[in-house]
Amino acid sequence: MAESIKKRIAIFGSTGSIGTQALEVIEAHPDLFEVEILTAHTNDKLLVEQAIKFQPNAVVIVDEGKYEKVKKALESTEIKVFAGESALDEVADFDTYDMMLAAIVGFAGLKPTLRAIEKGKAIALANKETLVVAGDLVMQLAVEKRVPVIPVDSEHSAIFQCLIGETRNKIEKVILTASGGPFLGKKPNFLVNVKRDHALQHPNWKMGAKITIDSATLMNKGLEMIEAKWLFNLAPDQIEVIIHPQSIIHSMVQFEDGSIKAQMGLPDMKLPIQYALTFPMRVANDNPRANFKKIPVLAFEAPDIKTFRNLGLAMMALEKGGNFPCILNAANEIAVWAFLNNRIGFLDITAVIEKCLQKINYIEKPNLSDYFESDGEARNFAASLLNI
Ligand code: NAD
Ligand code: MG
């Protein structure tokens, strides 16, 4: 009996920062969860380790060249092994799980997430790019299929938590907090010389490489504004960004009477991950607690959009809608990849995105294949700019 009430979780992107922390949450609550599916891009070693430990029904290694290795390592188990990008869609179609944790990074997460929603599975959504690219279609399908999309992103989890008990009350605005990243207060003459390893040192959060660079450029906050629009059905002017370097307030909601609710805690993704997996329940854990005697200051300042121009570009894409956020996202993925591979400088990231937004045709009401096309066009154009 106890066995049957465990929530069966499919972790897409289990070898990443969110994926590994989710497995820690699951390990701490063996009475609540069971791991059903694990997927990885290229890290076969960690995928196999995770599979042996958590005994899922199936694993996917997207890199087909690693299939034989994974298959062999798991040959003495019952675990089914799949390989290739299409296998992600195939396992997303399985009946045997209850909730997908969408923790793949980038556009690659969109298709399997749509498949899971199509199948009526609850979604714990870390992969913000899914909503940035096609938030209209994703949320519309979720409504049609009556599927809950529960945010994992800490800001959106904060807003989601602030909205509990407020279903009849209108949101005046949401206030997304941003740490400001490692280059808070810096100007272009400093940023022009910034290197990858410095940009990868985030002051408050330990995350995957792509989102860490996005946090340093403030693109992450821009993507989060677009994510908030779709999750909470907001107009662009209802979404405000404020720099809060301590990352204790994870975001706030202001209601029509001027009252503001905030959700707080130490910067630790295990809390929003756990909350998305256990919602509507709060479950006890041993995570470190915030001690306000040791946090003397909660500071706030306006973001410097003139210096961190990616945020301004994202605000423009949010305002304009259509396929603009999709183009912005694709160009950003290519530019961040190039920066991580030391092909371009920090400020070039913005230049690439700006050129793609100028070049690729605007579509006001794209369908899914338009989004795939715009994504491909923007990637190709960005790559051509970078000679890659
Ligand atoms: P990560 O790079 O650490 O991990 C990414 C995961 O996705 C890995 O398991 C990898 O194998 C898989 N993956 C990568 N490319 C893939 C592809 N093309 N096809 C299939 N799988 C692929 O990233 P992360 O930091 O865990 O972030 C995951 C998502 O969660 C991102 O969308 C990010 O914006 C969001 N997010 C992360 C954090 C955080 O603290 N890390 C916080 C908020 C939101
Ligand atoms: Mg966030």
Side-chain angles (χ1 to χ4, degrees), residues 10-25 37-47 49-50 59-64 66 70 82-89 91-92 100-113 123-133 151-160 174 176-181 200 202 204-215 218-228 231 241 244 247 249-251 263 267-273 276 329-330 332-334 336-337 340 375 379:
I11 305 184
F12 280 60
S14 65
T15 53
S17 162
I18 292 290
T20 51
Q21 293 180 85
L23 285 171
E24 287 177 39
V25 169
I37 295 168
L38 296 172
T39 86
H41 191 211
T42 54
N43 192 343
D44 56 301
K45 217 170 143 245
L46 183 55
L47 180 67
E49 249 174 58
Q50 293 177 336
V59 298
V60 176
I61 180 84
V62 174
D63 179 351
E64 285 169 286
K66 303 265 176 81
V70 177
F82 298 83
E85 205 185 304
S86 60
L88 293 173
D89 298 338
V91 300
M100 171 193 272
L101 172 62
I104 288 177
V105 59
F107 183 85
L110 172 61
K111 258 205 312 178
T113 307
I123 307 290
L125 188 77
N127 176 239
K128 66 190 82 187
E129 294 89 348
T130 285
L131 290 185
V132 170
V133 171
V152 169
D153 212 348
S154 57
E155 297 76 3
H156 306 75
S157 175
I159 294 168
F160 186 81
V174 300
L176 292 176
T177 52
S179 69
L200 282 172
H202 196 278
N204 303 349
W205 301 94
K206 199 176 166 339
M207 312 176 284
K210 192 252 176 190
I211 184 175
T212 305
I213 301 304
D214 284 346
S215 300
L218 292 200
M219 177 55 92
N220 185 49
K221 214 48 54 179
L223 301 179
E224 290 183 354
M225 291 178 81
I226 302 169
E227 182 185 13
L231 278 171
V241 169
H244 165 47
S247 298
I249 297 182
H250 298 310
S251 279
Q263 187 268 338
D268 179 353
M269 284 308 295
K270 278 204 262 176
L271 174 56
I273 293 169
N329 177 69
N332 182 56
E333 285 193 30
I334 297 293
V336 170
W337 180 89
L340 282 169
D375 175 78
R379 275 168 204 274

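Values in this document were obtained by computation on a predicted structure and should not be read as measured data. One-based numbering, in listed order, for ligands and for the atoms of each.
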How many angstroms lie between atom OG of S17 and atom NZ of K206, to the nearest 0.5 angstrom? 7.0 Å
Pairwise distance OG1(T177) to CD(E155) - rounded to 0.5 angstrom: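 The CD atom of E155 is 5.5 Å from OG1 of T177, to the nearest 0.5 Å.
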Quick one: report the N, O or S atom of [X] that is nearest to the Mg ion (ligand 2).
X: D153; answer: OD1
X: E224; answer: OE2
X: E155; answer: OE1

Considering only non-hydrogen protein atoms, determine which one is nearest to [atom] and report residue, atom name and distance to 0.1 Å.
atom: atom 25 (O) of ligand 1; result: G208 N, 2.9 Å
atom: atom 34 (O) of ligand 1; result: K128 CE, 3.1 Å
atom: atom 44 (C) of ligand 1; result: D153 OD1, 3.5 Å
atom: atom 3 (O) of ligand 1; result: S17 N, 2.9 Å
atom: atom 4 (O) of ligand 1; result: G16 CA, 3.1 Å
atom: atom 26 (O) of ligand 1; result: I18 N, 2.9 Å

Can you tell me if K210 has a non-hydrogen atom under 4.0 Å from ligand 1? no
Taking C-beta and beyond as the side chain, do I11 and T39 meet within less than 4.5 Å on heavy atoms? no
Would you say the side chain of L88 lies within less than 4.5 Å of the side chain of I104, judging by non-hydrogen atoms?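 They are in contact (side-chain heavy atoms under 4.5 Å apart), so the answer is yes.
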Determine, considering heavy atoms only, which of [options] sits nearest to [atom].
atom: atom 2 (O) of ligand 1; options: N43, I273, V105; result: V105
atom: atom 7 (O) of ligand 1; options: L47, I211, I104; result: I104
atom: atom 6 (C) of ligand 1; options: S14, P112, A103; result: A103

Any idea which heavy atoms bring [X] and [Y] closest together, and the distance?
X: G19; Y: A103; value: N-CB, 4.3 Å
X: S251; Y: L176; value: OG-CA, 3.3 Å
X: M100; Y: A92; value: CE-CB, 4.1 Å
X: N204; Y: S247; value: ND2-OG, 2.7 Å
X: H202; Y: S215; value: CD2-CB, 3.6 Å

For ligand 1, does M269 get within less than 4.0 Å through its side chain, its backbone, both, or neither, judged by non-hydrogen atoms?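 Near ligand 1, M269 shows its side chain, while the N, CA, C and O stay back.
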Under 4.0 Å from ligand 1, counting heavy atoms only, is it the side chain of S154, its backbone, both or neither?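 Neither; no heavy atom under 4.0 Å.
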Subset of ligand 1 atoms that lie under 4.0 Å from at least one heavy atom of [X]:
X: V62; answer: 20 (C)
X: T15; answer: 8 (C), 9 (O), 10 (C), 11 (O)
X: A126; answer: 30 (O), 32 (O), 35 (C), 36 (N), 44 (C)
X: A108; answer: 17 (C), 18 (N), 19 (N)

Passing option when L38 is tested against T15, L23, V60 for side-chain contact (heavy atoms from CB on, under 4.5 Å): L23
Any donor-acceptor N/O pair, Q50 side chain to S14 backbone, under 3.5 Å: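 Side chain of Q50 to backbone of S14: a pair is present.
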When you compare ligand 1 with H41, is there at least one nitrogen or oxygen pair between them that comes in under 3.5 angstrom?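 It does: an N or O of H41 is found under 3.5 Å from an N or O of ligand 1.
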For E224 and H156, test the side chains for any donor-to-acceptor distance below 3.5 angstrom and give the result as yes or no.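 No, no side-chain donor-acceptor contact under 3.5 Å.
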